There are 2 protein chains.
Amino acid sequence: MYETSSSASDAASPLSCCECNARGVCLPAGMSDADCARVSGLVLQQHRLVRGDALQGVNEPVHGRWYAIRSGQFKSFQADQHGKPCITRFASAGELLGLDSLDLDRYTDSTTALCDSTVCEFSYPQLVEAARHFPDLARSLECRLSKQLAQQQALLVRCDYAEQKFAQFLSHQAWKRSYQDDHMLELHLDLSRQEIADYLDVTHATVTRMISRLQGLGIIGVRYRQLRLLDRPGLHQIAAGQHPASKGGAGTASDNAAHQPA
Amino acid sequence: MYETSSSASDAASPLSCCECNARGVCLPAGMSDADCARVSGLVLQQHRLVRGDALQGVNEPVHGRWYAIRSGQFKSFQADQHGKPCITRFASAGELLGLDSLDLDRYTDSTTALCDSTVCEFSYPQLVEAARHFPDLARSLECRLSKQLAQQQALLVRCDYAEQKFAQFLSHQAWKRSYQDDHMLELHLDLSRQEIADYLDVTHATVTRMISRLQGLGIIGVRYRQLRLLDRPGLHQIAAGQHPASKGGAGTASDNAAHQPA
DNA sequence: CGCTATCTTGAGATAAATCAAAAAATGTGG
DNA sequence: CCACATTTTTTGATTTATCTCAAGATAGCG
């Protein structure tokens, strides 16, 4: 769905931003075709990655690089004191990677592909230079920085229960993907239970239990790593803090419980 | 210590950035006197606030404003689903407020002064305009945005115990203030136990218990809201995940309990 | 001096962790 | 295509850090 034309060779065929599927949510969002082309000219190269490939590792020199995701999904993570990976971010098409390292010497985190993906590489110094005659570009970047900051801010709001965190996580993922398709109910998260657990700061056992419960409530349908959101309103209620159905149904009013088998 | 000359009247006497105590850690950090003066010219006005004053409230229109803290301390917070305040940030001299709202219409959080404070007000559209002929300014802002993003990122790394969170919080606060005085051990946090609790996402009872324990270990000295860091190495060890002294001493190796005065 | 805020401390309740062991899926080689 | 090894997911029993509820202690203030 993301790959249209293109046989996207590795560093060749630098598909122009103007034709990119992510254009509307990426750096040139809202720009004219002409300006979009100027942005396109700043792409140093494009990289293809397969699941598990590292885009960048902790302690690697930054050299002013940063990336825009053309397609795919990525996770960024740091290691805590026990070496356990702490996932700090999931990012998909249109999102910018490395904005938190613009003025750093070396990366403080690692970023790897969760599935086969493509990214465009930029240079910050070069962008600064280009911005001298293209102020809208600097502004677009600042806007993205600000937005990302606001999003991170929102993550700091706490939850009473792990289930609420998970519901918020799902809602957010669905929202990020629904810029084109508002009724997108299929969520393909290329994440193991363990990876979800690392992100939500719970154990994999807890993730499994949460998923089972939500499935029992008919809010989601699960088949391995393929999720189907069956009851968006119910999900939002849990995300908003409506206490889940620990004991009494007290139901989210959505007892229709669509049984997605398989 | 922050107020030097100046009798800082309200919107008058816009003390120039060049003479501001926060110059080295604020927007004009690293700039020449001439450039610093240019930044100073962008200050729309200065505001004085007393403890409890709101700088900006949730849902208020933004109008492109943002602020630099000249002196004092602020907290930013949102309300969770039960109305409990979730503190997402503490900020002091030199830090910029409102960068997460640059492209928002209305604020999504509130910010209030924790003690008597002064801020400089800027306009983002005006800065964008100024940046056309002053690219270093845009760059400085981007740099600050990036740094703040990296800091927030770091906050997302989880802790096993509330005590570890608290130790990290203290270390971070000490670090933020030690740009001038590396041996600053007195920490005046204008925060109630409840406010600390809201930030760390624990209850005030837990905060009290943590403080008592750390005091018992000789790591901090406490007198109401005045904290004294007695054993920085010990504190860092706890912040780094060294399990605290729940039962056996198993000492953090800093049994010297460094009463390290100054 | 008493009032009110804030802070401390204790006892019981609980969501999630830990430990542990099946069960299901995936991969490998004969 | 089927046995076997490996990984991932599910499920259960016990433990634990922190919460909740509640009472007592301390500081600040009119």
Side-chain angles (χ1 to χ4, degrees), chain A residues 51-52 80-86 114-115 158-169 188-216 220-227 238 241-248 261-262, chain B residues 51-52 80-86 114-115 158-169 188-216 220-227 238 241-248:
Chain A
R51 172 170 173 89
D80 75 0
Q81 64 277 5
H82 308 304
K84 198 195 75 174
C86 279
L114 290 168
C115 58
R158 334 289 175 165
C159 299
D160 293 337
Y161 304 101
E163 199 162 312
Q164 188 184 355
K165 272 196 277 193
F166 182 62
Q168 289 184 358
F169 167 68
H188 193 79
L189 298 175
D190 294 291
L191 296 169
S192 68
R193 301 289 189 261
Q194 183 63 59
E195 282 172 316
I196 296 173
D198 290 341
Y199 184 61
L200 300 178
D201 190 31
V202 294
T203 57
H204 64 112
T206 300
V207 170
T208 291
R209 284 187 253 260
M210 281 190 311
I211 290 181
S212 301
R213 220 177 326 165
L214 290 183
Q215 194 174 18
I220 60 176
V222 185
R223 190 185 141 85
Y224 313 125
R225 294 177 183 182
Q226 188 78 23
L227 292 188
I238 292 178
Q242 226 80 356
H243 193 82
S246 301
K247 36 190 79 164
Chain B
R51 172 169 174 90
D80 75 0
Q81 63 276 7
H82 308 304
K84 199 195 74 174
C86 280
L114 289 169
C115 58
R158 334 288 176 167
C159 298
D160 293 337
Y161 304 101
E163 198 163 311
Q164 188 184 355
K165 273 197 276 192
F166 182 62
Q168 289 183 359
F169 167 69
H188 193 77
L189 297 175
D190 294 291
L191 296 169
S192 67
R193 301 288 189 261
Q194 183 63 60
E195 282 173 316
I196 296 174
D198 289 342
Y199 185 61
L200 300 178
D201 190 30
V202 294
T203 57
H204 65 110
T206 300
V207 170
T208 291
R209 285 187 252 261
M210 282 190 311
I211 290 181
S212 302
R213 220 175 329 165
L214 290 183
Q215 193 173 18
I220 60 175
V222 186
R223 190 185 142 82
Y224 313 124
R225 295 179 182 180
Q226 188 76 24
L227 291 188
I238 292 178
Q242 227 78 357
H243 194 82
S246 301
K247 36 190 81 166

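So you know, we letter chains A, B, ... as the sequences are listed, proteins then strands, and number each from 1. Treat the numbers as computed from the prediction; the structure is a model and nothing was measured.
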- Query: What is the distance from CG of A:D160 to C1' of C:dA16, rounded to the nearest Å?
  - Reply: 14 Å
- Which atoms form the tightest heavy-atom contact between B:H82 and A:D160, and what is the distance? NE2-OD2, 2.8 Å
- Query: When rounded to the nearest 0.5 angstrom, what is the spacing between CG in B:L227 and CD1 in B:I196?
  - Reply: 6.5 Å
- Item | Length of the CZ-P vector between B:R158 and D:dA17, whole Å | 20 Å
- Applying side-chain contact (heavy atoms from CB on, under 4.5 Å), name anything that partners A:Q168, two or more places apart in sequence or on another chain. A:C159, A:Q164, A:A239
- Query: Does D:dT11 have OP1 or OP2 sitting under 4.0 Å from an N or O in the side chain of A:S212?
  - Reply: yes
- Task: Look at B:R225 and C:dC7 and indicate whether a side-chain polar atom (N or O) is within less than 4.0 Å of OP1 or OP2.
- Result: yes
- Item | Shortest non-hydrogen contact from A:T203 toward A:A197 | C-CB, 3.6 Å
- Item | Separation of atom CG in A:D201 from atom C1' in C:dA15, rounded to whole Å | 13 Å
- Message: Using 0.5 Å steps for rounding, measure from the NZ atom of A:K165 to the CZ atom of A:R158.
- Response: 10.0 Å
- Residues in contact with DNA chain C, drawn from residues 188-196 of chain B - heavy-atom cutoff 4.0 Å: B:S192, B:R193
- B:D80 CG to D:dC19 P: how many Å, rounded? 14 Å
- Item | A:R193 side, atom CZ; A:R209 side, atom CZ - distance, nearest 0.5 Å | 13.5 Å
- Query: Can you check the B:R209 CZ to C:dG10 C1' distance for me, whole Å?
  - Reply: 8 Å
- Item | Approximate separation, where rounding is to 0.5 Å, of B:E195 CD and B:S192 OG | 4.0 Å
- The correct list of stems in which DNA chain D takes part (3 or more consecutive Watson-Crick or G-U pairs, distances under 3.5 Å) is C:1-4 with D:27-30, C:8-30 with D:1-23
- Syn or anti: how is C:dA5 classified when any glycosidic angle within 90° of 0 counts as syn? syn
- B:H82 NE2 to D:dT20 P: how many Å, rounded? 9 Å
- Message: By the 4.0 Å heavy-atom rule, please label B:T208 as base, sugar-phosphate, or nothing.
- Response: base
- Query: Over how many whole Å does the gap from A:D198 atom CG to D:dT9 atom P extend?
  - Reply: 12 Å
- B:T203 vs D:dC19: side-chain N/O to OP1/OP2 distance below 4.0 Å: yes
- B:Q194 meets the side-chain hydrogen bond (donor to acceptor under 3.5 Å, both in side chains) criterion, sequence neighbours left out, with B:D198
- Using side-chain hydrogen bond (donor to acceptor under 3.5 Å, both in side chains) as the criterion, list what pairs up with B:T208, not counting sequence neighbours. none
- Message: Test your reading of the model: is there a side-chain donor-acceptor pair from B:R51 to the backbone of B:D190, 3.5 Å cut-off?
- Response: yes
- Query: Can you tell me how far C1' of C:dA15 sits from OH of B:Y161, to the nearest Å?
  - Reply: 16 Å
- Note on the structure: Of the listed C:dA16, D:dT18, C:dC7, the closest approach to the A:A162 side chain comes from C:dA16
- In B/S/- notation (B base, S sugar-phosphate only, - none; protein heavy atoms under 4.0 Å), nucleotides 22-30 of chain D written 5' to 3' is -----S---
- Item | Note, A:I238 side chain near A:F166 side chain (heavy atom, < 4.5 Å) | no
- In Å, rounded to the nearest 0.5 Å, how long is the span from OG1 of A:T206 to CD of A:E163? 11.0 Å
